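First up is the structure itself, then whatever we jot down about it.
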Amino acid sequence: MDSVRVPPTEAVGGTVHLPADKSITHRALLLAAVSDRPVTISGPLDSDDTQATLTAVVRCGASAQGDLGDAVVVRGRGLRGLRPPPALDCANAGTLMRLVPGLLVGQGGDFCVLDGDDSLRSRPMDRVARPLRAMGANVFTAPGGTPPLVVDGTAPLRGTVHDLPVASAQVKSCLLLAGLFAEGETWVREPAASRDHTERMLAAAGVEVLRDDGAVGVRGPVDAVVLPDLAVPRDFSAAAPLLVAGVLRGDPGVCLPEVNLNPLRTGLLAVLERMGADVRVEPGPDVGGEPSGTLRAARGPTLHATEVAPEEVPALIDELPLVGLLGAFAAGRTVVRGAEELRVKESDRIATVVGALRALGAEAVERDDGFEVVGGGRLTGGEAAAAGDHRLAMLAAVAGAASDGGVTVHGFEAVGASYPRFGADLAAIGVGVDG
Ligand code: S3P
């Protein structure tokens with residue numbers, strides 16, 4: 001396990017060209033694997049999670065040339081031509097394990113067992129297995145609804161209306177993919193809108209995406225998907241920790257060009273605005289069918305505490321840990337509610353975020369569905385464990401830069417899931433990362 005020490009940093013500044021979007025890279029690789037034409041994906045994310053997806057599509061019979069991080073040309077097998085192996089390793093990638101069954105149920109092949117690392121093995125997969133079974137598919141989990149997930153592609157599928165109990169782009173995406181093979185219409189309704197990268201990419205690939213009163217659907221069976229070549233925009237979730245470093249210690253501040261600004265991802269910007277942070281957004285041209293632009297953040301006046309309401313949660317689900325960190329520096333009580341989903345992420349992020357913030361000197365408490373942080377305007381620093389969770393490792397490192405005494409982050413290598421260059425990019429804006 002790698003430990004790094006991040007000392008306090010007074011002045012953070014510089015421009016960072018962030019890594020590509022993880023969610024969009026997973027989707028581009030999966031849809032290219034079933035596309036009727038070779039697809040050039042420019043600038044896909046090179047990380048542990050997306051490597052797992054590239055390996056999975058190749059093991060299912062697609063061919064891929066080039067490198068993640070540069071460009072990959074995927075030659076797919078057509079919508080029904082994948083040949084899944086008996087077992088696929090999803091490593092730590094929840095997005096892979098939840099999206100790929102939506103394709104495998106339509107391939108007509110034998111059973112495929114999807115498994116992953118210890119963290120993935122603890123995450124709920126019945127949320128895709130149950131609705132897929134409602135469509136007629138043969139999909140099974142271990143007792144308790146966790147991996148391994150067993151999927152076969154032989155059963156005929158029927159279009160189904162799904163009412164999701166919690167908003168989830170992974171579940172919605174899986175069901176829309178399965179809907180491509182089903183007889184009739186498949187609809188997904190969520191309690192609040194989640195990220196729509198799959199819908200955008202399906203539409204670009206020639207699939208008619210149906211919409212009705214907040215629900216989204218497809219009409220199957222679809223003959224073919226023809227994904228055009230695409231460039232992957234930079235990841236807002238990778239921008240977030242650097243944006244927060246800029247807000248807390250930016251002098252002259254950070255500049256983050258060409259970031260994906262899909263409004264269903266950028267909920268953190270509204271929260272930062274309410275807190276009084278000095279963050280500017282300069283819209284730019286669309287990239288890969290998604291809005292993008294430049295973000296700038298500098299240290300401003302003292303932040304105000306804020307409340308994140310349940311309906312805001314899906315648009316900043318992966319950034320909520322950073323809201324906890326911001327809360328430690330804000331005047332008043334910062335409250336996050338309606339975010340019980342955090343308990344089933346790469347770690348139990350309610351417990352791990354509160355635990356890390358408290359270990360670093362903040363006053364923070366867990367709630368069943370979120371957390372509360374009483375801002376003291378500063379953090380003492382100390383030691384924090386990443387708990388195998390990339391978002392927690394990044395939070396702890398930024399906390400180190402903003403703290404009085406620095407932070408030792410144990411298990412820093414977890415950043416590799418989404419942002420392997422994170423340490424180098426922190427150094428580029430003046431934050432020391434020793435170890
Ligand atoms: C993702 C959706 C979100 C998010 C995850 C990536 C995606 O998960 O937390 O990091 O790529 O669709 P849920 O669908 O479980 O909310």
Side-chain angles (χ1 to χ4, degrees), residues 19-31 44-45 47-50 52-53 90-102 116 119-120 122-129 131 145-147 162 164-177 188 190-202 216 232-233 235-241 260 262 264-268 288 290 310-323 336 338-350 353 369 388-395 414-415 417-419:
D21 190 278
K22 180 158 82 70
S23 293
I24 296 173
T25 301
H26 283 300
R27 288 158 170 78
L29 290 167
L30 291 169
L31 277 185
L45 173 67
S47 75
D48 296 347
D49 277 19
T50 51
T53 295
C90 299
N92 190 238
T95 306
L96 171 59
M97 191 177 273
R98 296 218 179 99
L99 263 62
V100 80
S119 153
L120 194 59
S122 71
R123 299 183 63 187
M125 293 300 148
D126 45 353
R127 53 180 59 192
V128 292
T146 52
H162 303 280
L164 303 189
V166 286
S168 165
Q170 293 175 347
V171 177
K172 172 181 63 178
S173 299
C174 174
L175 300 174
L176 292 177
L177 293 176
V188 183
E190 302 181 280
S194 65
R195 63 192 69 186
D196 62 355
H197 308 306
T198 303
E199 296 91 302
R200 286 172 186 257
M201 222 179 272
L202 282 173
V216 60
V232 183
D235 198 331
F236 183 84
S237 296
N260 178 234
N262 182 318
L264 295 167
R265 293 288 297 278
T266 53
L268 178 67
E290 297 263 343
E311 60 274 16
E312 288 185 279
V313 163
L316 80 163
I317 184 75
D318 294 334
E319 287 64 64
L320 288 171
L322 291 166
V323 174
V336 171
E340 46 278 277
E341 272 296 289
L342 290 177
R343 295 220 180 260
V344 290
K345 293 296 178 186
E346 285 84 330
S347 66
D348 171 348
R349 285 188 184 151
I350 294 179
V353 167
D369 64 343
D389 185 339
H390 53 141
R391 307 269 174 231
L392 203 70
M394 292 190 253
L395 174 150
V415 299
S418 64
Y419 197 164

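Ligands are counted one by one from 1 in listed order, and the atoms in each one are counted from 1 as well. On a predicted model such as this, the values are computed, not experimentally measured, just so you know.
Residues Glu190 and Ser168 bring no donor and acceptor atom of their side chains to less than 3.5 Å of each other.
For the pair Glu341 and Arg127, the salt-bridge criterion is met [side-chain N within less than 4.0 Å of a carboxylate O].
Within 4.0 Å of ligand 1, protein heavy atoms belong to Ser23, Arg27, Thr95, Arg98, Ser168, Ala169, Gln170, Arg195, Ile317, Asp318, Lys345, listed by chain and number.
Of the possible polar contacts, one joining the Thr25 side chain to the Leu45 backbone as a donor-acceptor pair under 3.5 Å is found.
For Tyr419, the ring-ring contact (aromatic ring centres under 6.0 Å, His included) partners two or more places apart in sequence, or in a different chain, are Phe422. Annotation: salt bridge (Lys or Arg N to Asp or Glu O under 4.0 Å) contacts of Asp318 (sequence neighbours excluded): Arg195, Arg349. Among residues two or more places apart in sequence or in another chain, the side-chain contact (heavy atoms from CB on, under 4.5 Å) test is passed with Ala239 by Leu18, Leu256, Val259, Leu295.
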